[in-house]
Amino acid sequence: MTAPGIRAGGNTGNAEDAENLDVEEVLALVNDGNRRIPGSQGPAPTAQRGAHGASRKPDAHHRSTPWPEARTIAERAGRAAARSAHRTPVSVPLDASLGLTLAAPLAALTDLPSFDTSAMDGWAVAGPGPWDVRDEGVLAGHAQPEPLTDGEAVRIATGARIPADTTAVLRSEHGRTDDKGRLHATREVQHGQDIRPRGQECRSGDQLLAVGTLVTPAVLGLAAAAGYDTLTAVPRPRVDVLVLGDELLTEGLPHDGLIRDALGPMLPPWLRALGAEVTVVRRLSDDAKALHKAVTTSDADLIVTTGGTAAGPVDHVHPTLSRIGAELLVDGVKVRPGHPMLLARTKDHQHLVGLPGNPLAAVSGLLTLAEPLLRTLGARPAPEPYTLPLQEAAPGHPYDTRLIPVVLRGDRAMPLHYNGPAMLRGIAAADALAVVPPGGARPGQEAELLDLPWATAGIGVCFT
């Protein structure tokens, strides 16, 4: 399913077709940046197919994947899927381009500005003063005005075309008229002052932005100023969300052993903030047949499931993956919360991320497995890793990485309470997640941070 207004191929007012690249080539250009996954510790082992179809690690007993390695595997899976799917760039209207990655250079279609313009309200003057002032002024958006002669001035608005033979623009606050209506300057006039000459910002054909640039609000403004109606970009990866569980309510208060579904409202906008197009949000009961049908009929790039990743009597994700012969790339991660998350290749160009059912554990899985995969599919640049010292001690797990919500206070990160696997109170107030190594972190210890998309004041928030 393609977003309205998006079409393959041509681009009104875009760069030369010969300069357009396919998605694989764009991925190659941003490849170095996308390898910079925080905490990455080198290549991951290749998964092997097990006796029942779904692949597992080569050891006889299940062994969870270290957290940094899991993120590396997810990124690599996204890159392989982009290659196998042969995804082609799309031509997208400007108002639908926010958060996409340019698949063609943004080249100037005209000089900017395209004519000499006034940088200020005031008078266009010719020669030395004082000047006789024309009765009719010059406004922005109007045709080329008549040339000026020496000793002549005309009222002019910001952005208006400069008359031929103009010496300078005299600002309104720097001029006065005498009792005969003649204009005098109250300070020295410099030749060319307050005139934006044609081509001051760029000349036609100049490259303004390179392939691989993330489309921010400022990029949209530049593209519009340069005359673009559409941008050639990497398409958004398509995601189907399957919310599993008999115990979930969609409205009202929890009662009689039933609880409100927190992930159904939370995941779609979060996935959009990570650059995805959410094509389906479907709630399923704990029914193996229903899950099998939903997975096998999906044509999305990524399927995200919630719950059912453990080994309980109604946990159907693993049996379904085994039944369809999926390849398990990550089967459990050494991270708390979120340990029972998984990543599987269901088709050459399709993956499934199984999130735990507890809300904060699901967030952990989203940022561990879905974020690197979606970022790579969308050819988005990897965020630069950074650390801050912790304001307080952060207890850790003896063997696993721990992700805890924090707020940023100046140059420090303050751990938040209410950070249990089933809790959202902490993450709802957080700016980031701190990566706490096994054993915990002491006060003042530097901790790696994972920004939340809406807390970075960046491009991540694409909720529509």
Side-chain angles (χ1 to χ4, degrees), residues 2-7 11-15 19-21 23 26-27 29-30 33-34 36 89-114 117 119 140-141 158-159 196 200-202 204 206-239 268-278 367 370-371 374-386 408 430-432 449-464:
T2 305
I6 295 180
R7 62 188 187 279
N11 185 0
T12 303
N14 213 326
E19 294 180 294
N20 292 348
L21 306 176
V23 172
V26 179
L27 279 169
L29 286 171
V30 297
N34 277 346
R36 292 193 299 271
V90 290
S91 184
V92 189
L94 292 187
D95 61 3
S97 299
L98 185 66
L100 297 180
T101 299
L102 292 182
L106 194 75
L109 303 175
T110 183
D111 297 343
L112 284 182
S114 55
T117 64
T158 302
R196 290 191 64 208
Q200 182 185 52
E201 185 169 1
C202 65
S204 180
D206 287 352
Q207 180 172 305
L208 305 177
L209 296 171
V211 169
T213 300
L214 189 67
V215 179
T216 65
V219 169
L220 293 176
L222 176 61
Y228 283 79
D229 300 318
T230 63
L231 294 175
T232 298
V234 176
R236 300 182 196 277
R238 295 166 301 119
V239 179
W270 202 318
L271 288 162
R272 294 186 189 105
L274 294 177
E277 176 192 347
V278 178
L367 296 182
E371 187 276 332
L374 290 171
R375 170 168 41 78
T376 308
L377 279 175
R380 291 156 65 101
E384 290 289 342
Y386 75 103
L408 307 184
D431 297 315
L449 297 181
L450 303 178
D451 279 325
L452 303 179
W454 47 88
T456 60
I459 192 58
V461 182
C462 303
F463 293 128
T464 56

- Nearest heavy atoms of A223 and L94, plus distance in Å: CB-CD2, 4.0 Å
- Query: Say you draw a straight line from CZ of R238 to CG of L374; how long is it, rounded to the nearest 0.5 Å?
  - Reply: 12.0 Å
- Query: For the side chain of R380 and the backbone of G99, is there at least one donor-acceptor N/O pair under 3.5 Å apart?
  - Reply: yes
- Message: Treating T232 as the side-chain partner and A103 as the backbone partner, does any N or O pair qualify as donor plus acceptor under 3.5 Å?
- Response: no
- How about V239 and L274: do any of their side-chain heavy atoms sit closer than 4.5 Å? no
- Query: Within a strict 4.5 Å, meaning less than it, do heavy atoms of the L452 and D431 side chains meet?
  - Reply: no
- Task: For residues D111 and S204, report the shortest heavy-atom separation together with the two atoms involved.
- Result: OD1-N, 2.9 Å
- Donor-acceptor pair, T101 side chain versus A379 backbone, under 3.5 Å? yes
- Any chance you could measure R236, atom CZ, to L271, atom CG, to the nearest 0.5 Å? 12.5 Å
- Does the side chain of L367 reach to within under 4.5 Å of the side chain of W270, using non-hydrogen atoms? yes
- Answer whether the closest heavy-atom distance between the side chains of E277 and P235 falls below 4.5 Å. no
- Shortest non-hydrogen separation from R375 to P381 and the atoms involved: CD-O, 3.5 Å
- Message: So, using side chain to side chain donor-acceptor pair (under 3.5 Å) as the criterion, who are the partners of T158 when residues are at least two apart?
- Response: D121
- Item | Close side-chain approach of V219 and L209, heavy atoms under 4.5 Å | yes
- Item | Short side-chain to backbone donor-acceptor contact, Y228 and L220, under 3.5 Å | no
- Between atom CG of L106 and atom CG of D206, what is the distance when rounded to the nearest 0.5 Å? 11.5 Å
- Query: Nearest heavy-atom pair of L208 and A226: which atoms, and what distance?
  - Reply: CD1-CB, 4.0 Å
- Task: Evaluate the side-chain proximity of V234 to L100: yes if any heavy-atom separation is below 4.5 Å, no if none is.
- Result: no
- Where the side chain of D451 meets the backbone of A432, is there a donor-acceptor pair that is under 3.5 Å apart? no
- Query: Run the side-chain contact (heavy atoms from CB on, under 4.5 Å) check on L222 and E201 step by step: do they pass?
  - Reply: CA-CA 11 Å; L222 176 61; E201 185 169 1; 4.1 Å; yes
